[in-house]
Amino acid sequence: MGEVAVIVNPHARKNRGGDSSSEVLERVLADRGSLYRCGDPDTLADAAQRIADNGTEVVAISGGDGTGSMVLTALRVAFGTKPLPKLALLRGGTMNTVANGVGVPRGKPPELLSGLLEARANGAALGSVARRTLDIGGRVGFLFGLGVIHGFLDEYYRRGRPYPTPLTAVETLSVAIGSAMIGGRTVRRISERFRGSLVVDGETIRDGDFLAIGAGTTPELGLGFRPFQLATPEADGFHLLGITCSAPRLTANLPRLYRGRGMADGDGFDRLARELTIATDEAEIRYMVDGDLDTTASPLRVSLGPTVHIVTSPPA
C-alpha cells in the first residue's frame with residue numbers, strides 16, 4: 001500500500017486549536033503517514049510535489065470545501081497526467097458541502113482519520129465514489145456559481161466575520177427570503193443580475209441576463225439544497241443550471257431545489273455540459289468555486305476536470 005498524507009489548513013476554524021487541531025491529527029497519524037501544514041500556496045505546492053514523488057495512495061484533507069479545491073489544484077499540477085490519489089475529506093470545514101454531496105460519513109476530523117487508518121491496517125477495502133471535477137479558469141473544484149450564488153456567499157461571509165458557522169448560513173438565508181418578499185436592500189445587494197452570453201459545448205445557448213449561473217459535479221450547494229441533481233457519478237458532464245427568474249420567484253422555487261427537482265418551467269434551465277464559456281461586457285466576472293469567492297476578466301471557461309475517487313466508507 002502507498003502512503004497516507006494528511007494536508008491541514010492551519011487557518012481553518014476547526015484547525016485552530018481544540019480536538020481537531022493539527023497537533024491532534026498528527027498524534028492520530030503517528031508513524032503511519034506524513035502530515036503537511038499548508039497555509040499558503042508555496043507550502044501547498046511543495047507538499048503536493050512531495051506527495052506525487054512518494055507514490056501516495058490517499059490524501060486526507062482537513063479544511064473546508066475551498067481548501068479541498070486548492071489541494072486538488074496543486075495535486076493536478078504535481079501529478080500531471082498521472083491519476084490523482086484517493087481523497088479523504090475529513091470534514092474540517094464549516095459547511096462541508098462536497099462531503100455531504102458525495103456521502104462522506106459524519107464525524108470529526110480525528111475520528112474520520114482514525115477510521116481510515118484502521119481500515120488500511122486491517123486490510124479492508126476503502127469504499128469510494130468516482131467524481132469528475134470542474135476546471136474553472138485553471139482551478140479544480142466541484143461547485144461553481146455566479147450571480148445570486150456569489151451574492152449569497154458574499155453576504156454570508158460578511159455576516160459571519162471572522163468565522164461564519166452553519167447558523168450564519170441559516171440566518172443569511174432567512175434574511176434573504178424575507179428581504180425578497182418586500183424588495184428590501186439585502187436582496188437587492190445579493191441578487192444583482194449577471195448580463196452576458198453562454199456558449200455550451202460550442203453552441204451559444206443564451207444571451208441575456210441571469211439571476212444566477214451554476215455548475216456542479218456533486219448535487220449539493222449547501223444547507224441541504226440539491227440544485228445539481230443531474231450530477232451523478234455516471235453523468236458524462238457537469239450539471240449546468242441557469243436561473244432567469246426574479247428573486248421572489250427563486251424564493252418560490254427553493255422547496256423544489258431542496259428536493260432536487262430543478263427550477264419550475266420558465267424560471268430557469270438545466271442540462272448536462274462538458275464545456276461552458278461565459279462572456280460579458282462588464283469589467284469583471286465575480287464567481288464562486290467550492291465556497292471561495294474570486295474575480296476574473298471575461299471570458300471565463302468552465303470545463304470538466306480530472307476524475308477523483310473520494311473515500312466514502314472507512315469502517316468505524
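Hydrogens, waters and symmetry mates are skipped; everything else that's a heavy atom, side chains included, is used. Note that the coordinates shown come from a computational prediction; the quantities given were computed from them, not determined experimentally.
Cluster membership check: Val28 does not share its hydrophobic cluster with Ile61, using side-chain heavy-atom separations under 4.5 Å among Ile, Leu, Val, Met, Phe, Trp and Tyr. Cluster annotation: Val289 and Leu304 are assigned to the same hydrophobic cluster (Ile/Leu/Val/Met/Phe/Trp/Tyr, side-chain heavy-atom contacts under 4.5 Å, transitive). At a threshold of 4.5 Å between side-chain heavy atoms, the hydrophobic network of Ile, Leu, Val, Met, Phe, Trp and Tyr places Phe225 and Leu146 in two separate groups. Cluster annotation: Leu143 and Ile310 are assigned to the same hydrophobic cluster (Ile/Leu/Val/Met/Phe/Trp/Tyr, side-chain heavy-atom contacts under 4.5 Å, transitive). One hydrophobic cluster holds both Ile136 and Ile278 under the rule that ILVMFWY side chains link at heavy-atom gaps under 4.5 Å.
Between the side chains of Ser34 and Glu3, at least one donor N or O sits under 3.5 Å from an acceptor N or O. Using modelled atom types and a 3.5 Å distance limit, the side chains of Asn122 and Glu118 yield no donor-acceptor pair. A donor-acceptor contact under 3.5 angstrom links the side chains of Thr67 and Asn9, judged on distance only. Side-chain contact, Asn100 with Arg91: a donor N or O sits under 3.5 Å from an acceptor N or O. A side-chain donor-acceptor contact under 3.5 Å links Ser69 and Arg139. With no hydrogens or angles considered, no side-chain donor-acceptor pair links Arg131 and Thr217 at under 3.5 Å.
Rounding to the nearest 0.5 angstrom, the gap separating the CG atom in Leu84 from the NZ atom in Lys82 is 10.0 Å. Expressed to the nearest 0.5 Å, how far CD of Gln49 lies from CG of Leu44 amounts to 11.5 Å. Rounding to the nearest 0.5 Å places CG of Leu29 at 6.0 Å from CG of Leu113. Going from atom CG of Leu134 over to atom CZ of Phe238 covers 6.5 Å, rounded to the nearest 0.5 Å. Atom CG of Asp207 and atom CZ of Arg195 lie 12.0 Å apart (nearest 0.5 Å). We find the CD1-NE2 distance between Ile285 and His150 to be 11.5 Å, quoted to the nearest 0.5 Å.
The environment of CZ in Arg50 is sparse: at most 12 heavy-atom neighbours from other residues, nucleotides or ligands sit within 6.0 Å. Within a 6.0 Å radius of CG in Asp281, other residues, nucleotides and ligands contribute 12 heavy atoms or fewer. Within a 6.0 Å sphere centred on CD of Glu192, other residues, nucleotides and ligands contribute 12 heavy atoms or fewer. The local environment of CG in Asp265 is sparse, with at most 12 non-hydrogen atoms from other residues, nucleotides or ligands closer than 6.0 Å.
In this view, Phe269 satisfies the ring-ring contact (aromatic ring centres under 6.0 Å, His included) rule with no residue, not counting sequence neighbours.
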- Query: Please walk me through it: do Ser22 and Arg37 pass side-chain hydrogen bond (donor to acceptor under 3.5 Å, both in side chains)?
  - Reply: CA-CA 8 Å; Ser22 58; Arg37 295 176 181 86; 3.0 Å; yes

- Message: Before you tell me yes or no, could you show the steps for Leu240 and Asp270 under side-chain contact (heavy atoms from CB on, under 4.5 Å), namely the whole-Å CA-CA distance, both residues' side-chain angles and the distance that decides it to 0.1 Å?
- Response: CA-CA 6 Å; Leu240 171 62; Asp270 303 90; over 6 Å; no

- Task: Report the C-alpha distance between Asp154 and Ile190 in whole Å, list the side-chain angles of each, state the deciding distance to 0.1 Å, and finish with yes or no for side-chain contact (heavy atoms from CB on, under 4.5 Å).
- Result: CA-CA 8 Å; Asp154 190 41; Ile190 290 174; over 6 Å; no

- Start with the C-alpha distance between Tyr157 and Leu153, add both sets of side-chain angles, then the distance that settles side-chain contact (heavy atoms from CB on, under 4.5 Å), and finish with yes or no. CA-CA 6 Å; Tyr157 291 130; Leu153 279 173; 4.2 Å; yes

- Worked verdict on Arg226 versus Arg261 for side-chain contact (heavy atoms from CB on, under 4.5 Å): CA-CA 8 Å; Arg226 301 174 67 86; Arg261 294 177 52 198; over 6 Å; no

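Across Leu241 and Phe228, no two heavy atoms sit closer than the pair CB-CE2, 3.9 Å. Taking each heavy atom of Ala48 and Ala78 in turn, the nearest pair found is O-CB, 3.4 Å. For the residue pair Gly216 and Ala231, the shortest heavy atom distance occurs at O-CB, 3.5 Å.
Salt bridge annotation for Lys108-Glu111: absent, with no cationic side-chain nitrogen under 4.0 angstrom from a carboxylate oxygen.
Ser179 places no side-chain N or O within donor-acceptor distance of the main-chain N or O of Ala176, the cut-off being under 3.5 Å. Asp135 contributes a side-chain N or O that, together with a main-chain N or O of Gly138, makes up a donor-acceptor pair within less than 3.5 Å. Of the possible donor and acceptor atoms, one in the side chain of Thr133 sits under 3.5 Å from a partner among the backbone N and O of Pro306. With hydrogens and angles ignored, the 3.5 Å screen pairs a side-chain donor or acceptor of Arg193 with a backbone N or O of Thr244. Thr56 places a side-chain N or O within 3.5 Å of a backbone atom of Ile51 that can act as its donor or acceptor partner. Side-chain atoms of Arg206 never come within 3.5 Å of backbone atoms of Leu198 as a donor-acceptor pair (strictly under, hydrogens ignored). Proximity of a side-chain donor or acceptor of Asp65 to a complementary backbone N or O of Met95 within less than 3.5 Å is not detected.
Taking the six-membered ring where the residue is Trp, Phe144 and Tyr287 present tilted rings, their angle falling between 30° and 60°. Note on ring orientation: taking the six-membered ring where Trp is involved, the planes of Phe210 and Phe194 are tilted (angle from 30° to 60°).
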